[in-house]
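All remarks here apply to the structure that follows.
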2 protein chains.
Amino acid sequence: MNKPRWQRTRTTIKDIARAANVDPSTVTRALQDSPRVKPETRERIAGIAAELGYVPNMAARTLVNRSSGLIGVVIPDMANPFFAELGRGIEDEAAKHDLRILFHDTRGVESAEREAVQLFLELKVDGLLVPMARSPQDYYGGLKAGVPVVHVNREEAKHHVTCDTVAGSHSIMQHLFDLGHRRIGFVRGPAGPWREPKMFAYRQALEEQGIAYDPDLIFTFDGTLDSSRAIAEEFLALTNRPTAVFAWNDVNAIALIHALKDRGVRVPEDVSIAGHDDIQLSGCIDPPLTTVAWPMYELGQQSVRYLYSLGHGNEPGEPDVPPPRLVVRQSTGSPA
Amino acid sequence: MNKPRWQRTRTTIKDIARAANVDPSTVTRALQDSPRVKPETRERIAGIAAELGYVPNMAARTLVNRSSGLIGVVIPDMANPFFAELGRGIEDEAAKHDLRILFHDTRGVESAEREAVQLFLELKVDGLLVPMARSPQDYYGGLKAGVPVVHVNREEAKHHVTCDTVAGSHSIMQHLFDLGHRRIGFVRGPAGPWREPKMFAYRQALEEQGIAYDPDLIFTFDGTLDSSRAIAEEFLALTNRPTAVFAWNDVNAIALIHALKDRGVRVPEDVSIAGHDDIQLSGCIDPPLTTVAWPMYELGQQSVRYLYSLGHGNEPGEPDVPPPRLVVRQSTGSPA
DNA sequence: TTGTAGGCGTTATCAA
DNA sequence: TTGATAACGCCTACAA
């Protein structure tokens, strides 16, 4: 292998030391605002550092400090604005602890998830945040490697911060029951562990109402617009159509509503549609979408706090996160 | 400062060397699949490494190699799905060059942008990708530091990959003219350098048609839903309303359409609305949005290629990126 | 095919 | 208040 050498040489503390006529160790102290350096020396060194355009070498620092001050966040899907708010919560909380955040996208691909974890482990991050992981068990590898790992919304994981998915989905179902619906369809998402809680809530809610589970009312969304259209077709093909559908998420719900309207089905008059996530545009479509909002920002904050205590040897208690919130708009109504 | 020590000790090549009864340098060679190591030794070492859960220390590696194999990407706004596709292009192209991608979000805040660049510089990334920067001139600091920097869509930057913003916006204006519009409003975005090209295209297009620029028809969008609503109110307050509005982006356009419909204005019968970006949901609203699509994926790819040549000492030629593409849907029509 | 030695940039410790 | 030194984990000559 003859890997290309991108890097050119750069100014180091040695260069500064030479220019300032002091020892490198003095430069270090000066740059760290140590009290053990004469103020005027500090000034002089700071000036020279600035002049020379000095940038600390984190590799060297990490090597000797055995800590990078970095938190790695494994993002399942950058395209989903759902995760952006989580990121903000993470960033804001991280700033309070002098931690810096690095993101790596995986597009929901399991192998990419593994590579992301590997990358962060090599980087010697101080902690790993893994929202909606495909494979939580794998990350115990991270733990074994001595790096604290906190999962977001994966209750099976050893360390996790979660909001009550089941309760959120249950509240949607309850809302539909309250409107008088008895025959309710459900759109499940792409294969993966996250599929379960919503499906569980769906079936549980039906059971509570004494309604039999009907596999004909289960549709599958793969994340694409085409898939939402296909669901609309499936819906139309049904002889005994549901009066309401609980969609996988808002993107799915919005596309579904559009496809149904295109095919002459009125929402909510002919069928009620509910979503999940409450993305920004959910209130701007016609009809505005009934959905359930998650406290993503708080989840982000809590996950960093949890990680921080973990990293400091404290076994943190169960973090409490506000519950999902039902947002009733006009895409749901009483059945005809 | 007594910074906390998160990190526990971990297995290094020394541990492997000890367990395998060889010298650390042999371990290095074995792990690098060097031909200068006996196959069976390689096997044995690989086995032990796996067993011990060895994770390479990138800090040490970067230090000696003087290259991290990392590309830092400064993301202006994770919440904007517009950037997700760019990220994909970047990732795919980077993979071809054995480069790993790291993202850092800035929320469009200038100071955060600076911090992101600083972080990446400290990390000794092999290159910096800065889409839609607030302050390109600052990044010449990166260049001075010996790190190649490529801007995406900032023509003023020394090294940049751009698609023809002006042409894209111009095609929207032309489309509106073709429909017969003469009085066209424009929504400008949040303050920043990116504001200019669209505004320029708007004015230029008017001029070409011999239409006088009317400041009353300029609205301002700050990124929030409230702001879109406010624009709807401003529009209604106008005595001589425009027959078409070129919105800042799709999110703005969608929110604006919603707000207008809410207030009894029909789109496109009473007013045509055009957007910019062609986000996934733009085709799913009522009416489906006329907009202009950017080749974000290609921009991502090209920017990495450009960066790669830069890093290898080649001054790359102007990269060519497909032009923006007008997407005509139903939110625009002929004026009444 | 393997071992030895030196150094990458920074910091902590100890000595001056 | 400052300087000298060793060490962090890994890699590359060079020697054996």
Side-chain angles (χ1 to χ4, degrees), chain A residues 1-3 5-45 49 52-69 121-124 126 145-146, chain B residues 1-45 49 52-69 121-124 145-146:
Chain A
M1 286 222 284
N2 56 355
K3 281 192 196 156
R5 283 287 149 67
W6 295 52
Q7 224 74 346
R8 298 146 222 195
T9 44
R10 294 238 268 311
T11 72
T12 71
I13 52 169
K14 283 186 188 170
D15 300 316
I16 301 175
R18 205 172 308 123
N21 249 318
V22 295
D23 189 85
S25 57
T26 304
V27 176
T28 293
R29 281 190 293 263
L31 262 26
Q32 283 175 337
D33 285 323
S34 156
R36 302 184 28 162
V37 59
K38 209 198 301 178
E40 60 185 65
T41 315
R42 190 206 326 293
E43 295 295 303
R44 195 158 52 90
I45 291 180
L52 264 43
Y54 170 71
V55 177
N57 186 328
M58 199 156 134
R61 208 174 255 180
T62 299
L63 199 53
V64 51
N65 283 344
R66 310 168 121 249
S67 163
S68 62
L121 251 30
E122 290 184 20
L123 266 172
K124 303 296 162 198
D126 288 348
Chain B
M1 284 222 284
N2 56 355
K3 281 191 195 156
R5 285 287 151 68
W6 296 50
Q7 223 75 344
R8 298 144 221 196
T9 45
R10 296 240 267 309
T11 73
T12 72
I13 53 168
K14 281 187 190 171
D15 301 315
I16 302 175
R18 207 172 307 123
N21 247 319
V22 295
D23 189 84
S25 61
T26 304
V27 175
T28 294
R29 283 190 291 262
L31 260 27
Q32 282 175 338
D33 285 323
S34 155
R36 302 183 31 166
V37 59
K38 207 198 302 182
E40 60 185 65
T41 315
R42 191 206 324 294
E43 295 294 302
R44 197 158 51 89
I45 290 179
L52 264 45
Y54 171 71
V55 176
N57 186 328
M58 200 154 134
R61 210 173 251 179
T62 299
L63 198 53
V64 51
N65 285 343
R66 313 170 114 244
S67 162
S68 62
L121 252 30
E122 290 184 19
L123 265 173
K124 302 299 162 196

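The chains referred to below are lettered A, B, ... by the order of the sequence lines, with proteins before strands, and numbering in each begins at 1.
- At the phosphate of D:dG3, OP1 or OP2 sits under 4.0 Å from a side-chain N or O atom of A:Thr26.
- Put simply, the side chain of B:Asn57 does not reach to within 4.5 Å of the side chain of B:Thr12, judged on heavy atoms.
- When rounded to the nearest whole Å, the span between CG of B:Leu123 and P of C:dT10 equals 14 Å.
- A:Lys124 places its NZ atom 18 Å from the C1' atom of C:dG9, with the value rounded to the nearest Å.
- In the interface, the side chain of B:Arg36 is paired with the base of C:dT2 through a donor and an acceptor atom under 3.5 Å apart.
- To the nearest angstrom, P of C:dT11 lies 6 Å from CD1 of A:Ile13.
- A:Arg44 contributes a side-chain N or O that, together with a main-chain N or O of A:Ala20, makes up a donor-acceptor pair within less than 3.5 Å.
- Residue-to-nucleotide contacts include a donor-acceptor pair under 3.5 Å from the side chain of A:Arg29 to the base of D:dG3.
- When the C1' atom of C:dG7 is taken as reference, atom CZ of B:Arg66 falls 10 Å away, rounded to whole Å.
- You'll find that the side chain of B:Lys38 is closest to C:dT1, out of C:dG7, C:dT1, D:dT12.
- When rounded to the nearest whole Å, the span between CG of A:Asp23 and P of C:dA16 equals 15 Å.
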side-chain hydrogen bond (donor to acceptor under 3.5 Å, both in side chains) assessment of B:Ser25 paired with B:Asp23: CA-CA 5 Å; B:Ser25 61; B:Asp23 189 84; 2.7 Å; yes
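- Nucleotide C:dT1 holds its P atom 14 Å from the CD atom of B:Glu43, rounded to whole Å.
- Here the P atom of nucleotide D:dC8 and the CZ atom of B:Arg10 are 15 Å apart, to the nearest Å.
- A heavy-atom distance below 4.5 Å is not found between the side chains of B:Glu43 and B:Pro39.
- You'll find that the side chain of A:Asn65 is closest to C:dT11, out of D:dG3, C:dT11, D:dC10.
- Considering all non-hydrogen atoms of both residues, A:Lys14 and A:Pro24 come closest at CG-CG, 4.3 Å.
- In terms of position on DNA chain D, the residue among B:Ser25 and B:Leu63 whose nearest nucleotide sits closer to the 5' end is B:Leu63.
- Using a 4.0 Å heavy-atom criterion, one finds that A:Val22 contacts the sugar-phosphate atoms exclusively.
- Distance from the side chain of A:Ala60 is smallest to C:dT10 among D:dG9, D:dT2, C:dT10.
- With C:dT13, D:dC10, D:dT12 as the candidates, the nucleotide lying closest to the side chain of B:Gln32 is D:dT12.
- Among the atoms of the strands shown, only primed sugar atoms or phosphate atoms (P, OP1, OP2) are found under 4.0 Å from some heavy atom of B:Thr12.
- Using a 4.0 Å heavy-atom criterion, one finds that B:Thr41 contacts the sugar-phosphate atoms exclusively.
- Distance, B:Arg44 CZ to C:dT2 P: 8 Å, rounded to whole Å.
- Distances shorter than 4.0 Å separate some side-chain N or O of B:Arg61 from OP1 or OP2 on D:dC11.
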